[in-house]
Amino acid sequence: MQPDFWLQRWQNGQIGFHRSEVMPLLQKHWPTLEIAHGSRVLVPLCGKTLDMHWLAAQGHRVLGIELSPMAIEQFFAEAGITPQRHSSHYGEHYSAGPIEIICGDAFALDAGLLADIAGVYDRAALIALPPHLRQHYRDTLYAQLPVGCQGVLITLEYPQDEKQGPPFSVEEAEVQRLFATPWHASLLERRDIRDQQPDFNPEGISTLSTAVYKLQRL
């Protein structure tokens, strides 16, 4: 999972992980967090997800972090928006209205940048990482988020030996291990989605579920 892998995926248009509509599980579960209007929320490895527009429409200030400049440029172009740009040591910043996306390394963000983050939405980040990078991801990005931060984490569960990721299977036991003290993860929902994802694996996998967790930084 070197950076070039994802840059090449965007270059080749191999972005099956991108959804052409807002994630229904976000719409269902995000309001239960009761994050205040005007709060800043983080979307790691955001790609060009339409979920950022939805979060902004809820009154949030959205901060995305994404490796691919192509993904960011497509996000704003497809919305008919011309963002303002500036550079910092975090990377290239693209900003328009309540949405800012940094083209940079999600592992390199620090507490200074994330001090006022009230919520985090993780749909495509954790499951994009192979097992050996997940703890590092928790110990870098999530470790910089402030006390009181809440989030929605969406994962996939399937027999990993039946399909090569990404996206990878992340079981509940691993979520609970990763988000132990000072975090807390509570399962909100698990649903079988195999019949809804016929293209996920042409050979067919035996089981495929999605799970939604509420995260809290204690």
*Given side chains that start at C-beta, do those of Asp192 and Thr207 come closer than 4.5 Å, heavy atoms only?*
no
*Considering non-hydrogen atoms only, spot the tightest contact between Thr49 and Phe75 and give its length.*
O-CE1, 3.4 Å
_Euclidean distance, Leu45 CG relative to Asp122 CG, rounded to 0.5 Å_ = 8.0 Å
Donor-acceptor pairs under 3.5 Å, side chain of residues 211-218 to any protein atom, not counting sequence neighbours: which ones?
| residue | atom | partner | partner atom | Å |
| --- | --- | --- | --- | --- |
| Arg217 | NE | Leu145 | O | 3.4 |

*asked:* Determine whether Gln160 and Tyr158 satisfy the following criterion, side-chain hydrogen bond (donor to acceptor under 3.5 Å, both in side chains), listing intermediate values before the conclusion.
replied: CA-CA 6 Å; Gln160 191 66 82; Tyr158 64 89; 3.0 Å; yes
*When rounded to the nearest 0.5 angstrom, what is the spacing between CG in Leu33 and SG in Cys149?*
9.5 Å
Under 3.5 Å donor-acceptor pairs involving side-chain atoms of residues 94-102, not counting sequence neighbours:
| residue | atom | partner | partner atom | Å |
| --- | --- | --- | --- | --- |
| Tyr94 | OH | Arg85 | NH2 | 3.4 |
| Glu100 | OE2 | His93 | ND1 | 2.6 |

*Might you point out which heavy atoms bring Cys103 and Ser68 nearest each other, and give the distance in Å?*
SG-C, 4.1 Å
*Return yes if some donor-acceptor pair links the side-chain N/O of Gln144 with the main-chain N/O of Ala111 below 3.5 Å, else return no.*
yes
*Would Leu42 and Leu141 count as a side chain to side chain contact (heavy atoms under 4.5 Å, CB included) if you check the C-alpha gap in whole Å, the side-chain angles of each, and the deciding distance to 0.1 Å?*
CA-CA 10 Å; Leu42 175 68; Leu141 185 141; 3.9 Å; yes
*Looking only at non-hydrogen atoms, find the nearest pair between Asp139 and Ala143 and report the distance.*
O-CB, 3.3 Å
_Can you tell me how far apart CD1 (Ile65) and CG (Asp105) are? Round to the nearest 0.5 Å._
7.0 Å
*side chain to side chain contact (heavy atoms under 4.5 Å, CB included) between Leu178 and Trp183: does it pass, once the steps are laid out?*
CA-CA 8 Å; Leu178 289 170; Trp183 284 88; over 6 Å; no
*In Å and rounded to the nearest 0.5 Å, what is the CG to CG distance from Leu63 to Leu109?*
7.5 Å
*Name all residues meeting the ring pair (Phe, Tyr, Trp, His ring centres under 6.0 Å) criterion together with Phe107; count only those two or more places apart in sequence or in a different chain, and write none if there are none.*
His136
*asked:* Once rounded to the nearest 0.5 Å, what's the spacing between atom CD of Gln135 and atom CD of Glu174?
replied: 9.0 Å
*So, the side chain of Glu162 versus the backbone of Ile205: is there a donor-acceptor pair under 3.5 Å, distance only?*
no
*If every non-hydrogen atom of Gly64 is compared with every non-hydrogen atom of Cys46, which pair is closest and at what distance?*
CA-SG, 3.9 Å
_Please identify which of these residues, Arg194, Arg190, Lys163, meets the salt bridge (charged side-chain N to carboxylate O under 4.0 Å, His left out) condition with Glu157._
Arg190
*CG of Leu156 to OG of Ser169: how many Å apart, nearest 0.5 Å?*
7.5 Å
*Relative to the ring of Tyr142, is the ring of Phe179 parallel (under 30°), tilted (30 to 60°) or perpendicular (over 60°)?*
perpendicular
*Would you indicate whether the side-chain heavy atoms of Met23 and Thr210 approach each other to under 4.5 Å?*
no
*Considering residues at least two apart in sequence or located in another chain, which fulfil the side chain to side chain donor-acceptor pair (under 3.5 Å) criterion with Arg138?*
none
*Of the options Val41, Val62, Asp51, which is the one that meets Tyr121 in a side-chain contact (heavy atoms from CB on, under 4.5 Å)?*
Asp51
*Give the intermediate values and the outcome of side chain to side chain contact (heavy atoms under 4.5 Å, CB included) for residues Leu55 and Leu26.*
CA-CA 9 Å; Leu55 287 166; Leu26 171 65; 4.2 Å; yes
*If you take all heavy atoms of Phe168 and Ala128, which pair is closest and at what distance?*
CE1-O, 3.6 Å
_Quick one: does any side-chain atom of Gln150 pair with a main-chain N or O of Gly119 as donor and acceptor, under 3.5 Å?_
no
*Does Glu189 have any side chain to side chain donor-acceptor pair (under 3.5 Å) partners at least two apart in sequence or in another chain, and if so, which?*
Lys28, His29, Arg191
*If a pair satisfies side-chain hydrogen bond (donor to acceptor under 3.5 Å, both in side chains) and one of its residues is in residues 33-44, list it, with sequence neighbours excluded.*
Arg40-Asp116
*Kindly indicate, with the supporting measurements, whether the criterion side chain to side chain contact (heavy atoms under 4.5 Å, CB included) is fulfilled by Gln27 and Val22.*
CA-CA 8 Å; Gln27 296 173 301; Val22 175; 3.7 Å; yes
